[in-house]
Amino acid sequence: MDNSINFRRAGILLAYPLAYAYVRLMLNYWREGWMAAIAYTSLAVLFIVVSEIVRRGRRPFSRKMTGESVFWYVMMLLSAFTAPFGPSAGLSCLALHLCAVYSVLVSNDVLLGGKTCGLIPADLIHGFYVKSFAGFPNFITDWTAFKREGDRKARNVAIGFLVFGFVVVMFIFFSIALNLLSKIDKDIADFMDTYLLTILEYFRKIELEEILLRLIVAIPVCFYLYGLISRSAKSDGEREKRIGENLVSFFSRGRKVPCVITSVCAGFFVLMYILFFAKRTAYFMGGFTGEIPDGQLVAYFARNGFFELVGIMAVNMCVYLTIYLFEKRNNNGKVTLPGRIMVSLLMTESIIFAAIAMSKLWLYFSIYGYTPKRMLAMWGTLALGFSALMSILSVNRGKPHFRPGVYFTAVSYIAVCILSWVLSIM
């Protein structure tokens with residue numbers, strides 16, 4: 001028997017248990033402790049197993065996992081395991097979802113740019129919405145794998161699942177009808193109170209209503225998850241590459257703004273920050289030296305201006321992206337020399353802002369100790385500073401350095417979650 005058929009069947013049979021486990025865990029979202037870590041990690045392992053089984057069923061010619069797919073699988077596992085201990089369970093849950101969807105796209109080689117690049121937002125939108133919803137019917141149509149001629153045992157398995165589902169649905173309808181009849185007929189109500197009370201009490205103890213709700217909600221989730229995985233595995237990646245090329249071409253057509261305009265506009269930001277540094281250098285150096293202005297508390301000094309500095313770094317990144325998207329390129333397709341100079345100066349100032357913000361936060365941290373918000377603030381500042389460095393390299397080398405930024409963000413967040421857990425138990 002063809003192994004790809006066995007993989008396809010196994011993927012279909014495991015899709016609904018995966019969806020139910022997902023719904024079960026998400027409804028108990030804010031759990032903490034080791035049991036929660038094990039539960040999240042188990043869900044991630046099950047997702048990886050189902051993803052690989054479906055991929056091997058639809059792509060028998062491509063059985064080995066690539067290094068990049070292994071990296072994102074590991075990031076997903078670590079995001080799941082550290083979610084209950086990290087500085088933000090919500091952010092870890094988001095990271096788990098992002099890694100899950102992106103790992104499916106990577107493992108099936110269906111990225112719009114052919115690799116991790118600046119199109120990653122479009123890749124995630126493509127995975128979360130296009131692939132998953134377009135693949136909704138796949139859970140039904142792929143059951144043809146159980147209808148192979150001459151394979152009677154496989155057909156019996158499919159029929160068995162269908163009969164079980166039919167009986168469950170009929171039981172639900174029967175219970176609803178019996179409950180409605182008991183409200184209008186006393187004998188039926190007495191019968192239910194006398195003979196069914198014990199059974200109903202048992203069902204209440206095991207939270208039957210919640211189980212039935214999860215069973216029902218898991219159906220569309222099953223269609224969604226299986227649609228994402230199977231649709232990605234079915235594609236050869238050519239359509240996605242064409243879409244990526246069209247997106248790149250679309251953005252390239254918008255690069256019409258002369259470098260004189262972009263350089264002058266960026267120059268205003270650069271000059272403004274130089275004047276700001278000249279005026280406030282002594283004040284902000286206090287974070288490095290530990291010298292607090294007279295009359296100020298350490299907490300006030302550390303917080304004062306921190307979030308504004310981080311906001312300025314974010315604005316500077318938006319300025320860089322705007323220049324990168326709209327400035328007219330020179331003959332070799334690179335950012336013009338004035339543009340490179342202005343971007344380099346602007347991003348260097350962002351790195352200085354990051355250093356100042358980190359010094360203030362570290363002073364606060366060293367005196368008042370660990371809190372999840374402070375840890376997240378440190379990670380965000382570090383990520384923005386690294387992004388500024390990658391931006392300098394990108395404009396001067398003439399090639400994007402987006403992948404290192406993505407990898408650094410993912411790995412540094414996991415490191416922060418592990419560090420947060422270590423600090424919380426010290």
Are a donor atom and an acceptor atom from the side chains of D142 and S230 found within less than 3.5 Å of each other?
-> no
Find the distance between CD (E68) and CG (D109) and round it off to the nearest 0.5 Å.
-> 9.0 Å
What is the distance from atom CZ of F402 to atom SG of C117, rounded to the nearest 0.5 Å?
-> 8.0 Å
Between CD1 on residue I351 and CZ on residue F386, distance to nearest 0.5 Å = 10.5 Å
Could you pull out the closest heavy-atom pair between A357 and T381, with the gap in Å?
-> CB-CG2, 4.0 Å
For atom CZ of R8, is the number of surrounding heavy atoms from other residues, nucleotides or ligands below 6.0 Å larger than 12?
-> yes
Sub-4.5 Å side-chain heavy-atom contact between Y273 and N316 | yes
Could you check M75 against L78 for side chain to side chain contact (heavy atoms under 4.5 Å, CB included), going step by step and ending with a plain yes or no?
-> CA-CA 5 Å; M75 287 297 101; L78 292 175; 4.0 Å; yes
Going through the distances and angles, do F133 and F136 end up as a ring pair (Phe, Tyr, Trp, His ring centres under 6.0 Å)?
-> CA-CA 5 Å; F133 287 110; F136 239 57; 5.7 Å; yes
Please answer whether the main-chain N or O of M375 pairs with a side-chain N or O of W379 as donor and acceptor at a distance below 3.5 Å.
-> no
Is any side-chain heavy atom of M272 closer than 4.5 Å to a side-chain heavy atom of E349?
-> no
Note: L376 and S88 closest approach over all heavy atoms is CD1-CB, 3.6 Å
Measure the shortest side-chain to side-chain distance between T82 and W421 over non-hydrogen atoms and say whether it is less than 4.5 angstrom.
-> no
Quick one: do T141 and N138 satisfy side chain to side chain contact (heavy atoms under 4.5 Å, CB included)? Show the steps, please.
-> CA-CA 5 Å; T141 57; N138 287 13; 4.2 Å; yes
Hey, what do you get for OG (S107) to CD1 (I48), rounding to the nearest 0.5 Å?
-> 10.0 Å
Looking only at heavy atoms, the pair that brings Y40 and P84 closest together is CD1-CG, 4.2 Å
Atom pair CD1/CD1 of I12 and I140 - distance to nearest 0.5 Å = 11.0 Å
Relative to each other, are the rings of F71 and Y407 parallel, tilted or perpendicular (30° and 60° limits)?
-> perpendicular
Side chains of T262 and M342: does their closest heavy-atom pair fall under 4.5 Å?
-> no
Quick one: do M317 and S350 satisfy side chain to side chain contact (heavy atoms under 4.5 Å, CB included)? Show the steps, please.
-> CA-CA 8 Å; M317 188 58 60; S350 283; over 6 Å; no
Partner residues of R239 under the side chain to side chain contact (heavy atoms under 4.5 Å, CB included) criterion, sequence neighbours left out | H126, R242, I243
Looking at P404 and M390, what are the two nearest heavy atoms and their distance?
-> CB-SD, 3.9 Å
Over all atoms of both residues, closest heavy-atom pair of V416 and P87 = CG1-CG, 4.0 Å
Neighbour count above 12 (heavy atom, 6.0 Å) for F128 CZ = yes
Kindly write out the residues that satisfy side chain to side chain contact (heavy atoms under 4.5 Å, CB included) with V264, not counting sequence neighbours, or none if the list is empty.
-> V260, F268
Rounded distance (nearest 0.5 Å) linking atom OH of Y22 with atom CG of L43 | 8.5 Å
Decide yes or no for Y20 and C222: does some side-chain heavy atom of the first lie under 4.5 Å from some side-chain heavy atom of the second?
-> no
Are any non-hydrogen side-chain atoms of F81 and L96 less than 4.5 angstrom apart?
-> no
May I ask you to test the F47-I229 pair for a side-chain heavy-atom distance under 4.5 Å?
-> yes
Would you say the ring centroid of F277 lies under 6.0 angstrom from that of F353?
-> yes
Shortest non-hydrogen separation from S394 to Y320 and the atoms involved | CB-OH, 3.8 Å
Output, in order, the C-alpha distance, side-chain angles, deciding distance and verdict of side chain to side chain donor-acceptor pair (under 3.5 Å) for Y413 and S79.
-> CA-CA 9 Å; Y413 179 72; S79 297; over 6 Å; no
Which word best sums up how the rings of Y226 and F139 line up, parallel for under 30°, tilted for 30 to 60°, or perpendicular for over 60°?
-> perpendicular
Does V422 reach the side chain of F85, with side-chain heavy atoms less than 4.5 Å apart?
-> no
Spell out, as yes or no, whether a donor-acceptor pair under 3.5 Å connects the side chain of Y16 to the backbone of L215.
-> yes
Run the side chain to side chain contact (heavy atoms under 4.5 Å, CB included) check on V106 and L111 step by step: do they pass?
-> CA-CA 6 Å; V106 170; L111 297 178; 4.0 Å; yes
State plainly whether the residues E245 and K241 are in salt-bridge range, i.e. N to O under 4.0 Å.
-> no
State whether the side chain of D123 and the backbone N or O of L112 hold a donor-acceptor pair below 3.5 Å, judged by distance alone.
-> yes
Without swapping roles, check the side chain of Y324 against the backbone of V395 for a donor-acceptor pair under 3.5 Å.
-> no
